[in-house]
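For ligands, and for the atoms within them, numbers begin at 1 and follow the listed sequence.
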Amino acid sequence: MSLPDSPGAYDLVVRNARVATAADVFETDIGVRDGRIAALARGLPAGAREIDAAGRWVLPGGVDAHCHLAQKTGDGSVMADDFRSGTRSAACGGTTTVIPFAAQLKGESLAQAVRDYHAVADGQACIDYAFHMIVADATPSVTNEELPALIDQGYTSFKIYMTYDDLKLDDRQILDVLYAARRHGAMTMIHAESSDCIAWLADRMLAEGLDTPPYHALSRPPVAEREATHRAISLAELLDTPILIVHVSGPDAIEQIRWAQTRGLKIYAETCPQYLFLTAADLEGDLLHGARCICSPPPRDEAAQQAVWNGLANGTFQVFSSDHAPFRFDGPGGKKPEGEHTPFNHVPNGIPGLETRLPLLFSEGVLQGRMDINDFVALTSTQPAKLYGLYPRKGTIAIGTDADMVIWDTGITRVIRNGDLHHNVDYTPYEGRTVQAWPAITLSRGQVVYADGVFQGQAGQGRFLRCDRPAPARPRRATRRHAPWLSALSRMDAWTDAGTAGDVGDAA
Ligand code: DUC
Ligand code: ZN
Ligand code: ZN
């Protein structure tokens, strides 16, 4: 056995690294052994493999905590990326952990959905992955039995929807789910758009023949997102339970979130590249051209982009994810199920973005002076790892953590071309855009999975990650003060039952 300081002690040494974590910047060599970081010091002895990072940033690998891969759909559409192509694309863009969704369809068991998703992922991923769940059918057996058991097994976060007919929950069901999250220690992600507001508008637009992609955005206006965001916050406040609002698009929802955070509620928020780099004008163009950029909530306008930048800068947002939802523009299962005249409400929602997420934010955020390097790491890696129970194994560079790292090329000029990307989608919404940063090398548990423009990983080398109960999902300590109505309830049921396995509630 090699001693730590003897030659050959390390499988890999990354030399002369300028490391940034969410908190610090420091110069060091990085010794990797058995896929983990074993030493951080200058002048480490030679490793079996050496990489010189002189002059380059070395950052924790990205954690993309919101992406859809090979997810079942209820409408005949087919996701273009499976675990193989999706994780390949992620690795080539500097992401080393993905958290896609095991989706329950109505009438289906949640546990079965998780088992089915494992069968889809097994042996396919090139980087490590965990699962969120999607709870679409919040029956008593799901919220009282399946969810607690799954949380115990390491599936500690789930997404619920306030829109989409085949996924949405009503307010009562949302409360049932939040109650389970509170009692058992899971993070609830909420897609906050008002189903009825959208349906009312969309039905009238379609009746008048207004069915092209721009009407997708007009039928899902900021007020529909704002109303649902406020309602989600209110439901979370009623149960004094943390939630995370996903894919926030602009100032109306941001104001609600900021207001709630200022009131002391544990409301977390995520935004995505499409809300910084696209606007509703990208849904225009001939025939279905704009269908490429149909996603929900839709991109807004330039003022909204600025509000999102502000929210990233002032800490309203904790997470920056891709919401990669890959549908091909041409071909079966894609954006045009009814050909060139497909009405907007039949276009599958979502855009690709796994590979471009980090380069876009590094370029326009860090290199343009809108955020510092520590905030970039926090938003794209550390905070998602914390919010979903993967920290410190993922999300930082420290002794004992997985050696997931990215050595960055910066000060370059690279034009984004779909032909250079590694996903299985036939377009990128960012075609022709220039970035000044791109990963030079991506390391997954010390293995090179991307270097010098070439994918070097292998399907099957990515491992499934069981998630801990996330500390940020813990309710506030003083229930009696924050939510006295719950203290009353606790006398009637097992709300603060200390004997409940995994209960993170409190009797304060
Ligand atoms: N909206 C979602 O809610 N999920 C996937 C893609 C999208 O646009
Ligand atoms: Zn969503
Ligand atoms: Zn999504």
Side-chain angles (χ1 to χ4, degrees), residues 63-75 77-81 86 90 98-105 117 130-136 157-169 174 177 187-195 198 202 213 216-217 219-220 224-225 228-229 232 243-250 253 268-280 282-283 290-300 319-329 333-335 344-354 357 384 388 423 425 427-429:
V63 177
D64 197 333
H66 186 160
C67 55
H68 303 268
L69 300 176
Q71 190 180 307
K72 280 178 294 194
T73 62
D75 62 359
S77 61
V78 179
M79 294 210 164
D81 282 312
V98 290
I99 318 182
F101 297 85
Q104 179 200 30
L105 302 181
Y117 207 44
F131 290 172
H132 302 297
M133 300 175 286
I134 288 174
V135 180
S157 52
F158 46 82
K159 183 177 177 187
I160 57 173
Y161 289 80
M162 299 171 82
T163 185
Y164 296 140
D165 287 344
D166 49 351
L167 294 171
K168 72 181 179 193
L169 304 185
I174 292 174
V177 167
M187 180 64 78
T188 307
M189 312 158 76
I190 303 193
H191 179 133
E193 285 186 294
S194 169
S195 181
I198 293 165
H216 169 80
S219 69
R220 309 182 88 97
E225 186 183 355
T229 301
I243 56 168
L244 189 146
I245 310 277
V246 292
H247 45 49
V248 174
S249 74
Y268 308 105
E270 170 204 81
T271 193
C272 313
Q274 45 272 39
Y275 308 116
L276 293 176
F277 303 112
L278 302 177
T279 67
D282 290 299
L283 274 64
R292 290 173 169 81
C293 295
I294 283 190
C295 61
S296 297
R300 309 291 184 190
V319 192
F320 187 76
S321 309
S322 68
D323 196 8
H324 181 85
F327 297 100
R328 292 177 72 87
F329 186 62
K335 286 280 189 180
F344 71 79
N345 61 324
H346 291 177
V347 174
N349 280 212
I351 63 174
L354 263 171
R357 172 182 77 120
Y388 300 120
H423 59 194
V425 186
Y427 75 96
T428 166

### Query
Which of the atoms of ligand 1 are close to Cys295, meaning less than 4.0 Å from one of its heavy atoms?
8 (O)

## Note on the structure
For atom 5 (C) of ligand 1, the closest protein heavy atom turns out to be His68 NE2, 3.5 Å

### Query
Is there at least one pair of N or O atoms, one from Ser296 and one from ligand 1, spaced under 3.5 Å apart?
yes

### Task
For the Zn ion (ligand 3), decide whether Cys67 has an N, O or S atom at a distance under 2.8 Å.
no

#### Entry: Numbered atoms of ligand 1 (with element) below 4.0 Å of Tyr161, judged on heavy atoms
3 (O)

### Message
Given His191, which partner from the list Glu225, Lys168, Lys159, Met162 fulfils the side chain to side chain contact (heavy atoms under 4.5 Å, CB included) test?
### Response
Lys159

### Per-atom contacts, ligand 1 versus Ala325 - under 4.0 Å to a heavy atom
5 (C), 6 (C)

### Message
Can you tell me how far apart OG (Ser195) and OH (Tyr164) are? Round to the nearest 0.5 Å.
### Response
11.0 Å

### Query
Which single N/O/S atom of Asp323 lies at minimum distance from the Zn ion (ligand 3)?
OD1

### Message
So, of the N/O/S atoms that His191 has, which is the nearest one to the Zn ion (ligand 2)?
### Response
ND1

## Note on the structure
for atom 2 (C) of ligand 1, nearest protein heavy atom and its distance come out as Tyr164 OH, 3.5 Å

### Task
Check whether the side chains of Asp64 and His324 place a donor and an acceptor atom closer than 3.5 Å, and report yes or no.
no

### Message
If we ignore hydrogens and angles and just use 3.5 Å, is the side chain of Thr73 paired with the main-chain N or O of Val78 as donor and acceptor?
### Response
no

## Note on the structure
NE2 (His247) to the Zn ion (ligand 2) to NZ (Lys159), nearest 10°, is 120°

### Query
Does Lys159 come within less than 4.0 angstrom of ligand 1, counting non-hydrogen atoms of the residue?
yes

### Distance-minimising heavy-atom pair for Ala136 and Leu169
O-CD2, 3.5 Å

### Evaluation steps, side chain to side chain donor-acceptor pair (under 3.5 Å), between His68 and Asp323
CA-CA 7 Å; His68 303 268; Asp323 196 8; 3.0 Å; yes

### Message
I need the Arg220 CZ to Ser249 OG distance, nearest 0.5 Å.
### Response
11.0 Å

### Enumerated ligand 1 atoms positioned under 4.0 Å from heavy atoms of His191
2 (C), 3 (O)

### Query
Side chain, backbone, both or neither: which part of Asp323 has a heavy atom under 4.0 Å from ligand 1?
side chain

### Message
Let me confirm one number: the CD1-CD1 distance from Ile160 to Ile243, rounded to the nearest 0.5 Å.
### Response
8.0 Å

### Query
Which atoms of ligand 1 are found less than 4.0 Å from any heavy atom of His247?
3 (O)

### Task
Please tell me if the side chains of Tyr161 and Ile134 come closer than 4.5 Å, counting only heavy atoms from C-beta onward.
yes

